[in-house]
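Numbering starts at 1 and runs along the sequence shown.
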Amino acid sequence: MEEQKEITPMPRIGDKAPEFKAVTTQGDLHFPNDYKGEWVILFSHPADFTPVCTSEFMTFASMADKFEEANCKLVGLSIDGLYSHIAWLRSIKEKIEYKGMKNVEVKFPLIEDITMNVANKYGMVQPNEAATQAVRAVFFIDPQGIIRSIIYYPLSLGRNFDELYRVIIALQAADEFGVATPADWRPGDDVIIGPAGSCGTAENRMAGNEDMDCKEWYFCTRKLDKDEVLDKILKK
Ligand code: BEZ
């Protein structure tokens, strides 16, 4: 069997986002302190000047206003230097036209991490996939600096940015309304009520005495209006 390389630990859901200072394409960054009171997505990509990453950056940058409206900032990272980042972002803006996107300016910060300091802190290097490139990691961090969700993709697989947006909205909806969100949930779909904590509550729910729809005592949903969700979450 092929020998497995040593793995660095990674932060987990519920942990405080590890702190770091870094240089970015938008100036110096003190993370996560610079984002107090805001949601932030910290994501890594394997390398500048590569096609999957280019398609991802064009897509993410084109959606940046949508994320901003949801009080969510974007921060990218790869194990490349600042001048490589600058040259790549300039090339994207000036030369690449893809799926109707063109003249795309990446305005969010892209961290230079040639030392791998940040990538190692966040477990973005998964050495059995690639020893010197970050995988496609996505950390969703809340306004208190707590990691709320993590998604990882391998080098060959471009991310689904609609899903990243869905996650940000669903996390905020869960906080705002004290509910959970079922499979494939989108604003306007029914939400899940917390589990019945006693036999009496379970009985009550199944008797139809509460304003909810129970498939079984442990699986109850309620309506949550799309506009109510979006009014709460999206900046006007
Ligand atoms: C890409 O972004 O195209 C890519 C980067 C690293 C490995 C494979 C693909």
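The two atoms that bring Asp48 and Trp88 nearest to each other are OD1-CE3, 3.2 Å, heavy atoms only. Gly123 and Tyr152 make their closest contact through O-OH, 3.0 Å (heavy atoms, listed as atom of the first residue, atom of the second, distance). In this structure, Val179 and Ala173 approach most closely via the heavy-atom pair CG2-O, 4.1 Å. The shortest heavy-atom contact between Leu171 and Ser149 is CD1-CB, 4.2 Å.
Atom CD in Gln26 sits 12.5 Å away from atom CG in Asp34 (nearest 0.5 Å). Atom CG of Asn209 and atom CG of Asn204 lie 4.5 Å apart (nearest 0.5 Å). In this structure, the separation between CD1 on Ile169 and NZ on Lys232 is 14.0 Å, given to the nearest 0.5 Å. Going from atom NE2 of His45 over to atom OG of Ser78 covers 3.5 Å, rounded to the nearest 0.5 Å.
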Ignoring hydrogens and angles, write down the donor-acceptor pairs under 3.5 Å from the side chains of residues 127-145, residues two or more places apart or on other chains.
| from | atom 1 | to | atom 2 | distance (Å) |
| --- | --- | --- | --- | --- |
| Asn128 | OD1 | Lys5 | N | 2.9 |
| Asn128 | ND2 | Gln4 | OE1 | 3.4 |
| Glu129 | OE2 | Leu155 | N | 2.9 |
| Arg136 | NE | Pro154 | O | 3.4 |
| Arg136 | NE | Leu155 | O | 3.0 |
| Arg136 | NE | Leu157 | O | 3.4 |
| Arg136 | NH1 | Glu56 | OE1 | 2.9 |
| Arg136 | NH2 | Leu155 | O | 2.6 |
| Asp142 | OD1 | Gln144 | N | 2.8 |
| Asp142 | OD1 | Gly145 | N | 3.1 |
| Asp142 | OD1 | Ile146 | N | 3.0 |
| Asp142 | OD2 | Arg148 | NH1 | 3.1 |

List, one per line, each side-chain donor-acceptor pair under 3.5 Å for residues 102-111, sequence neighbours excluded.
none

Which donor-acceptor pairs under 3.5 Å do the side chains of residues 217-230 make with protein atoms, sequence neighbours left out?
| from | atom 1 | to | atom 2 | distance (Å) |
| --- | --- | --- | --- | --- |
| Lys223 | NZ | Asp190 | OD1 | 3.4 |
| Asp225 | OD2 | Asp227 | N | 3.2 |
| Asp225 | OD2 | Glu228 | N | 3.4 |

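Of the charged side-chain nitrogens involved, at least one lies within less than 4.0 Å of a carboxylate oxygen, so that Arg166 and Glu163 count as a salt-bridged pair.
Linking ILVMFWY residues whenever their side-chain heavy atoms come closer than 4.5 Å, directly or via other members, leaves Ile114 and Leu89 in distinct clusters. In the hydrophobic clustering of ILVMFWY residues, with side-chain heavy atoms under 4.5 Å counting as a link, Met101 and Leu74 come out together. Linking ILVMFWY side-chain heavy atoms closer than 4.5 Å, directly or via other members, places Ile92 and Met63 in a single hydrophobic cluster. Follow the hydrophobic side-chain contacts under 4.5 Å out from Val167 and you reach Tyr165 in the same cluster. Both Tyr83 and Val23 are part of a single hydrophobic cluster, where members link through side-chain heavy atoms under 4.5 Å apart.
Checked against the 6.0 Å centroid criterion, the rings of Phe57 and Phe43 qualify as a close aromatic pair. Under the 6.0 Å cut-off for aromatic ring centres, Tyr35 and Phe31 qualify, their centroids lying closer than that.
Listed by chain and number, the residues in a ring pair (Phe, Tyr, Trp, His ring centres under 6.0 Å) with Tyr153 amount to none (sequence neighbours excluded). The ring pair (Phe, Tyr, Trp, His ring centres under 6.0 Å) check on His85 picks up nothing, with sequence neighbours excluded.
Residue pairs meeting the side chain to side chain donor-acceptor pair (under 3.5 Å) criterion with at least one member in residues 110-124: none, sequence neighbours excluded. Residue pairs meeting the disulfide bond (SG atoms under 2.5 Å apart) criterion with at least one member in residues 48-92, sequence neighbours excluded, do not occur. The list of salt bridge (Lys or Arg N to Asp or Glu O under 4.0 Å) pairs with a residue in residues 192-208, not counting sequence neighbours, is empty. Pairs of residues two or more places apart, or lying in two chains, that qualify as side chain to side chain donor-acceptor pair (under 3.5 Å) and include a residue from residues 11-22 are Glu19-His30. For residues 72-82, the salt bridge (Lys or Arg N to Asp or Glu O under 4.0 Å) pairs, not counting sequence neighbours, are Glu38-Lys73, Glu68-Lys73.
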Checklist entry - Between Ser198 and Thr201, is a side-chain hydrogen bond (donor to acceptor under 3.5 Å, both in side chains) present by the stated rule, with each step listed? => result CA-CA 5 Å; Ser198 70; Thr201 307; 2.8 Å; yes
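Ile193 forms part of a hydrophobic cluster together with Met212, judged by ILVMFWY side-chain heavy-atom separations under 4.5 Å. Grouping Ile, Leu, Val, Met, Phe, Trp and Tyr by side-chain contacts under 4.5 Å, direct or through others, puts Ile79 with Met116, Val125.
Within 6.0 Å of NZ on Lys36 lie no more than 12 heavy atoms contributed by other residues, nucleotides or ligands.
The backbone N or O of Asp189 lies less than 3.5 Å from a partner atom in the side chain of Trp185, making a donor-acceptor pair. Thr50 places no side-chain N or O within donor-acceptor distance of the main-chain N or O of Val52, the cut-off being under 3.5 Å.
When side chains are defined from C-beta on, Thr25 counts as touching Leu82, because their heavy atoms get closer than 4.5 Å. When side chains are defined from C-beta on, Leu42 counts as touching Phe20, because their heavy atoms get closer than 4.5 Å. Residues Phe67 and Trp39 fail the side-chain proximity criterion, which asks for heavy atoms closer than 4.5 Å.
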